[in-house]
Number of protein chains: 2
Amino acid sequence: MKITIKDVAKKAGVSTATVSLVITNNSRISQDTRKKVLKAIKDLDYTPSRSARGLVSKKTGNLGFILTDDHFLRTEPFYTRIFLGTEFAAHVHDFYILLTTLPNTFSIDDPLPRFVREKNVDGIIIAGKVPTTLIQKLEKYKIPLVFIDYVPPMGEFPIVLMDNISGGETATKHLIDLGHKNIAFLGGDVQHPSIADRLVGYKRMLEKHNITVSSKLISTGSPEPIKEEGYKAMKSLLSKNNNISAVFACNDAMALGAMQYLKDIGIDVPGKISIVGFDDIESNIFLNPPLTTIRVPKIDLGVEAVKLLSERITNKNIARKKVLVPVELIIRESTRKIS
Amino acid sequence: MKITIKDVAKKAGVSTATVSLVITNNSRISQDTRKKVLKAIKDLDYTPSRSARGLVSKKTGNLGFILTDDHFLRTEPFYTRIFLGTEFAAHVHDFYILLTTLPNTFSIDDPLPRFVREKNVDGIIIAGKVPTTLIQKLEKYKIPLVFIDYVPPMGEFPIVLMDNISGGETATKHLIDLGHKNIAFLGGDVQHPSIADRLVGYKRMLEKHNITVSSKLISTGSPEPIKEEGYKAMKSLLSKNNNISAVFACNDAMALGAMQYLKDIGIDVPGKISIVGFDDIESNIFLNPPLTTIRVPKIDLGVEAVKLLSERITNKNIARKKVLVPVELIIRESTRKIS
DNA sequence: TTGCGCAAGTTAAACGTTTAACTAGGATTA
DNA sequence: TAATCCTAGTTAAACGTTTAACTTGCGCAA
């Protein structure tokens, strides 16, 4: 027989309502009674029934987590770490997470995730870029949404982002502090908000130190911020400038490509050229030299999203709309003081 | 106002019990009534409340999915695909999946996953190797368990495995069919059941074709079946045999290492030596030459686990204990007919 | 004609919580 | 001293299902 609130009430010598009030942290209960009840709960190893709770409170106690198939299956465990963060925080806020993936071909007449249709979540976390059609369909359900690492093109939703501008500043400052002046920016498509922001940080920090921002040192032509493009971009940058002493790559993948090119043409890193990346991807550790980079705390992104969503669910009139998670400079061996 | 079973009952002109019986597919209801009710459900877009259901039926409608941190965060999305399979099948069997990871340092006095403590799952799927202490603690909870890709050292649990023996046979047969006779086996630690079984399949197929099994062609010394070990093992194998014309590697990672070594010493694949791998990992596609391998249907592993678990939950006296998921030969360009 | 069995429903209790409304008694105010 | 307000609880209804037990009507055997 399962232990119920009645058993606890009897053991503590109070009514079931009192037990319930203790569980939900209601202030109407005196410290003495609270203690008694808490002890009874512990002694009996009681856990409230989610079903019974959900039935009367009209809450499910679940949060949905949506991302696209290819984000989930990526070899770089970026979104899996974010998920782990939400799992962790869900624990604290007493939620369960229901993870589901979406084909990236999601179209307007595809069915929504099951937990939406069956109303089995109190709120939804959306990680990474998802099809706009999904957001449109989701809006009608009036379920609180929170986005991670993606700014939806429409609507007014709470968002959790990493602090790309400050990351760009930190990376650039690190190079400046090492004595570099001719610092190149190796970027991808500036349409992507993250990349644009990292570039903003780069420019800002240069200006702050009275270093002229030269368009000849900035590469933003690459369609995708991947290794191969980093290789090409490094090549083209070097063909236009022969005095580059440092490179801030908009992400680690491009930094890897750049390092590969430099290795191929016999330029030593960090001997001749220092390189800073962004993201701190897993495979960096095996790199030679290990890459100095800006670490993005993926776990924290997830944690903050759950916090934000939890606030929304319990307390509708909340002001927080946007959370910027700070990033961190990780100094390894790809950067060096200029001689 | 949420639509309840009462609304459906009223609309269909029956009692709520009848609606419930229709939903649960009880045979006591006539076809006519069933149709009426189904129509009302559709018209009203009714979905039963999980909480209410759970409360009376004492089921949660959830399944737990446990794996270790490092399995979940692996760059090769093996377990993530298995999870996707369970998600997919959960849909069919009307369950939700609660995913949680475990530190691989799990010890006897670490707390069990929250869904176990709070009794918020009807059954649990365990994927990959997990600490024995976990299984021991879990056993006491009397929750149905199913293992995927791991044979626990104790207890009698239903398991879902890939068919390693038949995979080993298929790979070897493919090479034999191409005319190869001097076929090496590149393996890791035979303590690992999967590797041992693949070796069994290899030997069996050779014997079937009256090819002598030579221990000089079999390498099982590698502690871990990883790329670096494949490189070493290939080297050592070649130093002992100068007439190897084909290699069956116990997994793709080792196959990759072997190919790397052959490339380094100038032996053409598949010109001089054919190679077959096992697993069909994602990165194979970018390989040159693309690797012929045995594909493991990860999705199916997940699907079968949910099926098995679902049977256990609804129908305790089920016989099925072990499900072998068939594997499939994928012919690419690393194998060639012997000239 | 009576009695029985069966098919196809219905009735109503039960599941384990939360919470609005109520209460008892002490403290504060007028 | 009487009226009022708090504080710290209690009572009981409600949430939306499932299901054991009951009912009704019909066909069939004796």
Side-chain angles (χ1 to χ4, degrees), chain A residues 1-41 44-62 94-96 117-120 122 313-314, chain B residues 1-41 44-62 94-96 117-120 122 313-314:
Chain A
M1 259 296 298
K2 200 188 181 305
I3 306 250
T4 75
I5 202 170
K6 283 188 191 163
D7 303 314
V8 177
K10 185 177 289 179
K11 173 137 194 172
V14 297
S15 72
T16 62
T18 304
V19 177
S20 175
L21 292 172
V22 167
I23 292 170
T24 52
N25 265 314
N26 191 300
S27 60
R28 216 158 66 217
I29 307 298
S30 71
Q31 279 305 319
D32 278 7
T33 318
R34 181 179 302 273
K35 252 183 221 157
K36 262 194 309 186
V37 171
L38 254 22
K39 178 155 169 26
I41 288 178
L44 296 172
D45 190 23
Y46 163 77
T47 32
S49 145
R50 291 230 150 209
S51 302
R53 276 192 146 179
L55 185 54
V56 32
S57 71
K58 275 130 169 34
K59 296 265 167 71
T60 65
N62 300 327
D94 202 23
F95 282 108
Y96 280 95
R117 298 193 323 264
E118 299 187 353
K119 304 189 183 48
N120 196 26
D122 302 332
I313 290 169
T314 55
Chain B
M1 260 295 297
K2 199 186 180 305
I3 306 249
T4 75
I5 203 170
K6 282 187 193 165
D7 303 314
V8 177
K10 186 177 286 178
K11 174 136 193 174
V14 297
S15 72
T16 62
T18 303
V19 177
S20 175
L21 292 172
V22 168
I23 292 170
T24 52
N25 265 315
N26 191 300
S27 59
R28 212 154 72 215
I29 307 298
S30 71
Q31 279 306 317
D32 278 6
T33 319
R34 180 180 300 276
K35 253 183 219 156
K36 263 195 310 187
V37 172
L38 253 23
K39 179 160 169 24
I41 288 179
L44 296 172
D45 190 23
Y46 163 76
T47 32
S49 146
R50 291 228 150 211
S51 302
R53 280 193 142 179
L55 185 54
V56 32
S57 71
K58 274 124 173 35
K59 296 267 166 71
T60 65
N62 300 328
D94 202 24
F95 282 108
Y96 280 95
R117 299 195 321 265
E118 299 187 353
K119 305 189 183 47
N120 197 25
D122 302 331
I313 291 169
T314 56

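So that the names make sense, note that chain A is the first sequence line, chain B the second, and so on, each numbered from 1.
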Length of the [atom1]-[atom2] vector between [X] and [N], whole Å:
X	N	atom1	atom2	result
B:Lys59	C:dG16	NZ	C1'	18 Å
A:Asp32	D:dT7	CG	P	17 Å
B:Glu118	C:dG16	CD	P	17 Å
B:Asn26	C:dG9	CG	C1'	11 Å
B:Lys10	C:dT10	NZ	P	15 Å
A:Arg53	D:dG16	CZ	P	18 Å

Study note, to complete from the structure: Per-nt protein contacts along nucleotides 8-15 of chain D (heavy atom under 4.0 Å; B base, S backbone sugar-phosphate only, - none) come out as BBBB---B

Could you tabulate the donor-acceptor pairs under 3.5 Å formed by side-chain atoms of residues 19-26 of chain A, not counting sequence neighbours?
{"from": "A:Thr24", "atom 1": "OG1", "to": "A:Ser20", "atom 2": "O", "distance (Å)": "3.0"}
{"from": "A:Thr24", "atom 1": "OG1", "to": "A:Leu21", "atom 2": "O", "distance (Å)": "3.4"}
{"from": "A:Asn26", "atom 1": "OD1", "to": "A:Arg28", "atom 2": "N", "distance (Å)": "2.8"}

Point to revise | Sequence-distant partners of A:Lys39, side-chain hydrogen bond (donor to acceptor under 3.5 Å, both in side chains), two or more places apart | key: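 Only A:Asp43 meet the side-chain hydrogen bond (donor to acceptor under 3.5 Å, both in side chains) criterion with A:Lys39.
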
Review point. For A:Ser49, which residues count as a side-chain hydrogen bond (donor to acceptor under 3.5 Å, both in side chains) partner, sequence neighbours excluded?
Key: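 Scan of A:Ser49 (side-chain hydrogen bond (donor to acceptor under 3.5 Å, both in side chains), adjacent residues dropped) gives none.
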
Exercise for review: Determine which pairs satisfy salt bridge (Lys or Arg N to Asp or Glu O under 4.0 Å) with at least one residue from residues 44-55 of chain A, sequence neighbours left out, and list them in order.
Suggested key: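 Counting only pairs at least two positions apart or across chains, the salt bridge (Lys or Arg N to Asp or Glu O under 4.0 Å) contacts touching residues 44-55 of chain A are A:Arg50-A:Asp94, A:Arg50-B:Glu118, A:Arg53-A:Asp94.
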
Contacts table for residues 10-17 of chain B: side-chain donor-acceptor under 3.5 angstrom, sequence neighbours left out:
{"from": "B:Ser15", "atom 1": "OG", "to": "B:Ala17", "atom 2": "N", "distance (Å)": "3.4"}
{"from": "B:Ser15", "atom 1": "OG", "to": "B:Thr18", "atom 2": "N", "distance (Å)": "3.3"}
{"from": "B:Ser15", "atom 1": "OG", "to": "B:Thr18", "atom 2": "OG1", "distance (Å)": "3.1"}

Check your understanding: Distance check: side-chain N/O of A:Ser20 vs OP1/OP2 of C:dT18, anything under 4.0 Å?
Key ->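 Looking at the OP1 and OP2 atoms of C:dT18, one of them is under 4.0 Å from a side-chain N or O of A:Ser20.
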
Practice item. To the nearest 0.5 angstrom, please state how far the NZ atom of A:Lys119 sits from the NZ atom of B:Lys2. Key: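 Rounded to the nearest 0.5 Å, the NZ-NZ separation comes out at 6.0 Å.
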
